[in-house]
Amino acid sequence: MATKRDYYEVLGINKDASEAEIKSAFRKKAKEFHPDLNKDDPTAADKFKEAQEAYSVLSDESKRKMYDQYGHAGVDGSSAAGSGFGGFDASDFDFGDIFDSFFGGNGFGGFSNFNSGTSSKVRPTRGSDVLMRMNLDFDEAVFGTEKKFNIDVVEECDECNGNGGFDMEKCETCHGSGTVTSQHQTILGSFLSKGPCPDCGGIGKKYKRKCTECNGKGKVKKNKKITINIPAGVTTGDRQRISGKGNPGANGGENGDLYLEYIVAEHEYYTRDNDDIYLEVPITITEAILGCKKDIPTLYGNVKLTIPAGVDSGDKQKIRGKGIDNEYRRHKGDMYVIFKVYTPKKLSKEQKSLIDKLSMTDLETVETEKFAKFTKQNDK
């Protein structure tokens, strides 16, 4: 039979170590050698058992005195029960902080309240938010609008004022504490944990008579017509929050919020880029050559625009301040007119005659002259 190591040596502490130092030392050993946390070391399980045994003796004042006086012989009978996982008495030791960092703060095996004395009453939980998409036409998004629509909302029950029942009394199962204590068997032994009372849901109180209107939930679903004002300037992807119209909360928690996400339809003529508006305007050859004045439809009515002589297709001209007056972002955009020169497909005899006469004149431009020169060079 292998010789047992000195318990103080096992935990790495001095013989005059305090109770807090003993507990701290065992906590470190548990983190280092617990077989569920250290799967790479084949000796981890044995080392953890050894640390368990040492802690079970040194943490008990009477056992520690016997061990200090007689060594292992003085505690062999009492410490044997602590040598295995199943017999280890951890009722005075809080393992929650050991395993929190490894199991996401939920404690080992789901039991985070090992005799810690902390309350496990169910707390009010806010309901989740809801996302709803709404289609808008171009003008509704640009100028803002009022929308009415029906939606299912969960509200406090009028019959029981949100209580879920009548004639309140203390829960007999948890005696009004809202929590019950249960025992669990794990590889570390037998543990006590506190959880919400299954009969009262952690509230600590029950009602003699359940409300039939809400079936004891305290809230009822209602279909309501909602009216909202959509600010001017919203665009596809923008969201607007409507407070308290989301999913219901639990245990008296407030409702979540409703978020409306807008999908804006395209316009037949206008193209939008943030708060700027682009409009393609067709002009004739003569208008492009000679220039002209033309009525331009803006978001706010027609304006007279002077088009300079000699514009080409694709040239654009800015009309300042005629873009979207964005109430949503507090910004006003501009409007850009893009010219598109159209060549007529059919000409009258008189028009052809005039074009023929025009072609006999010198209409060469810098661009056409450069291209003609390139053509001649390419022909060599």
Does a salt bridge link Lys245 with Asp129, judged by any charged N lying under 4.0 Å from a carboxylate O? no
Looking at every non-hydrogen atom in both residues, tell me the closest pair between Ile307 and Gln317 and how far apart they are. CA-OE1, 4.4 Å
Basic-acidic side-chain contact under 4.0 Å: Asp152, Lys224: no
Tell me whether Thr236 contacts the main-chain N or O of Val264 through its side chain, where contact means a donor paired with an acceptor under 3.5 Å. yes
How about CD on Glu9, more than 12 heavy atoms from neighbouring residues, nucleotides or ligands closer than 6.0 Å, or not? yes
Whether Asn14 side chain and Asp16 backbone form a donor-acceptor pair below 3.5 Å: no
More than 12 heavy atoms from other groups under 6.0 Å of CD on Glu146: yes
Could you check whether any side-chain heavy atom of Met134 comes within less than 4.5 Å of a side-chain heavy atom of Phe149, counting everything from C-beta outward? yes
Please answer whether the main-chain N or O of Asp276 pairs with a side-chain N or O of Asp273 as donor and acceptor at a distance below 3.5 Å. no
Do the charged groups of Arg133 and Glu261 touch, with an N to O distance under 4.0 Å? yes
For the side chain of Asp46 and the backbone of Thr43, is there at least one donor-acceptor N/O pair under 3.5 Å apart? no
In terms of hydrophobic clustering (I, L, V, M, F, W, Y; side-chain heavy atoms under 4.5 Å; direct or indirect links), are Val303 and Val281 co-clustered? yes
Could you list the residues that satisfy side-chain contact (heavy atoms from CB on, under 4.5 Å) with Lys210, not counting sequence neighbours? Asn215
Spell out, as yes or no, whether a donor-acceptor pair under 3.5 Å connects the side chain of Arg272 to the backbone of Asn274. yes
Tell me whether the guanidinium CZ or amine NZ of Lys15 lies under 6.0 angstrom from the six-membered ring centre of Tyr67 and within 45° of its axis. no
Go through the steps for Lys47 and Asp41 under the test side chain to side chain contact (heavy atoms under 4.5 Å, CB included), then give the verdict. CA-CA 10 Å; Lys47 291 177 180 177; Asp41 186 353; 3.6 Å; yes
Can you check whether Ile283 reaches Lys294 side chain to side chain, under 4.5 Å on heavy atoms? yes
Kindly indicate, with the supporting measurements, whether the criterion side-chain hydrogen bond (donor to acceptor under 3.5 Å, both in side chains) is fulfilled by Lys219 and Asn255. CA-CA 11 Å; Lys219 294 187 178 183; Asn255 288 2; 3.1 Å; yes
So Lys221 and Val153, do their side chains get closer than 4.5 Å, heavy atoms only? no
Do the side chain of Ser59 and the main chain of Tyr55 share a donor and acceptor less than 3.5 angstrom apart? yes
Is Ile285 reachable from Tyr342 through a run of hydrophobic residues whose side-chain heavy atoms are each under 4.5 Å from the next? no
Closest contact, heavy atoms only, His72 versus Arg5: NE2-O, 3.1 Å
Decide if atom NZ of Lys205 counts as having more than 12 heavy atoms of other residues, nucleotides or ligands within a radius under 6.0 Å. no
Let me see the working for Asp295 and Asn302 under side-chain hydrogen bond (donor to acceptor under 3.5 Å, both in side chains), right down to the final yes or no. CA-CA 6 Å; Asp295 285 332; Asn302 291 350; 5.1 Å; no
Side-chain contact test, heavy atoms from C-beta onward, threshold under 4.5 Å: evaluate it for Thr179 versus Pro196 and give yes or no. no
Walk me through it: do Lys29 and Leu11 pass the test side chain to side chain contact (heavy atoms under 4.5 Å, CB included)? CA-CA 7 Å; Lys29 293 296 180 182; Leu11 296 182; 4.2 Å; yes
Under a 4.5 Å side-chain heavy-atom rule over Ile, Leu, Val, Met, Phe, Trp and Tyr, are Leu136 and Leu131 clustered together? no
Which heavy atom in Ser56 sits nearest to a heavy atom in Glu53, and how many Å separate them? OG-O, 2.8 Å
Show your working on side chain to side chain contact (heavy atoms under 4.5 Å, CB included) between Asn247 and Val154 and close with a plain yes or no. CA-CA 7 Å; Asn247 287 325; Val154 177; over 6 Å; no
Do the charged groups of Lys147 and Glu140 touch, with an N to O distance under 4.0 Å? yes
Would a hydrophobic clustering, with Ile, Leu, Val, Met, Phe, Trp and Tyr connected at side-chain separations under 4.5 Å, put Tyr269 with Ile296? yes
Compute whether any side-chain donor of one residue and acceptor of the other, for Asp68 and Tyr8, lie under 3.5 angstrom apart. yes
Quick test of your reading of the model: are Asp238 and Arg329 salt-bridged, counting only N-O distances below 4.0 Å? yes
Ile228 and Ile226 have their tightest heavy-atom pair at CG2-CG2, 3.8 Å
Between the CD1 atom in Ile324 and the CG atom in Asp275, the distance rounded to the nearest 0.5 Å is 5.5 Å
Tell me, do Ile338 and Asp315 make a side-chain contact under 4.5 Å, heavy atoms counted? no
Do Asn326 and His331 have side-chain atoms, one donor and one acceptor, less than 3.5 Å apart? no
Could you walk me through whether Asp257 and Arg239 pass the salt bridge (Lys or Arg N to Asp or Glu O under 4.0 Å) test, one step at a time? CA-CA 12 Å; Asp257 298 328; Arg239 292 183 180 182; over 6 Å; no
Tell me whether Tyr259 contacts the main-chain N or O of Gly246 through its side chain, where contact means a donor paired with an acceptor under 3.5 Å. no
In Å and rounded to the nearest 0.5 Å, what is the SG to CD distance from Cys211 to Glu159? 5.5 Å
Is Asn223 close to Ile151 at the side-chain level, that is, under 4.5 Å between some pair of heavy atoms? no
Is the closest side-chain heavy-atom distance between Cys160 and Phe166 below 4.5 Å? yes
Any ion pair linking Lys65 and Asp60 (charged N to carboxylate O, less than 4.0 Å)? no
Can you find a pair of side-chain heavy atoms, one from Ile277 and one from Thr271, that are under 4.5 Å apart? no
How close do His175 and Lys170 get, counting heavy atoms only, and between which atoms? O-CD, 3.5 Å
Here the gap from Leu299 atom CG to Asp325 atom CG, rounded to the nearest 0.5 Å, amounts to 10.0 Å
Just by distance, do the side chain of Gln351 and the backbone of Ser348 share a donor-acceptor pair under 3.5 Å? yes
May I ask you to check if Lys316 and Tyr336 form a cation-pi contact, with NZ or CZ under 6.0 angstrom from the six-membered ring centre and within 45° of the axis? yes
Asp312 versus Val341, closest heavy-atom pair with distance: C-CG2, 4.1 Å
If you count the non-hydrogen atoms of other residues, nucleotides and ligands that lie under 6.0 Å from CD in Glu169, is the total more than 12? yes
Would you sort out whether Tyr7 and Arg64 count as a side chain to side chain contact (heavy atoms under 4.5 Å, CB included), showing the intermediate values? CA-CA 10 Å; Tyr7 287 149; Arg64 183 179 180 182; over 6 Å; no
Does any N or O in the side chain of Asp334 come within less than 3.5 Å of the main-chain N or O of Gly321, such that one atom is a donor and the other an acceptor? yes
Do Ile13 and Met66 belong to the same hydrophobic cluster, where Ile, Leu, Val, Met, Phe, Trp and Tyr are linked whenever their side-chain heavy atoms lie under 4.5 Å apart, directly or via other members? yes
Which pairs pass ring-ring contact (aromatic ring centres under 6.0 Å, His included) with one or both residues in residues 128-147, sequence neighbours excluded? Phe138-His267
Is atom CD of Glu19 surrounded by more than 12 heavy atoms (other residues, nucleotides or ligands) closer than 6.0 Å? no
Tell me every residue that passes side-chain hydrogen bond (donor to acceptor under 3.5 Å, both in side chains) with Tyr262, counting only those two or more places apart in sequence or in another chain. Gln240
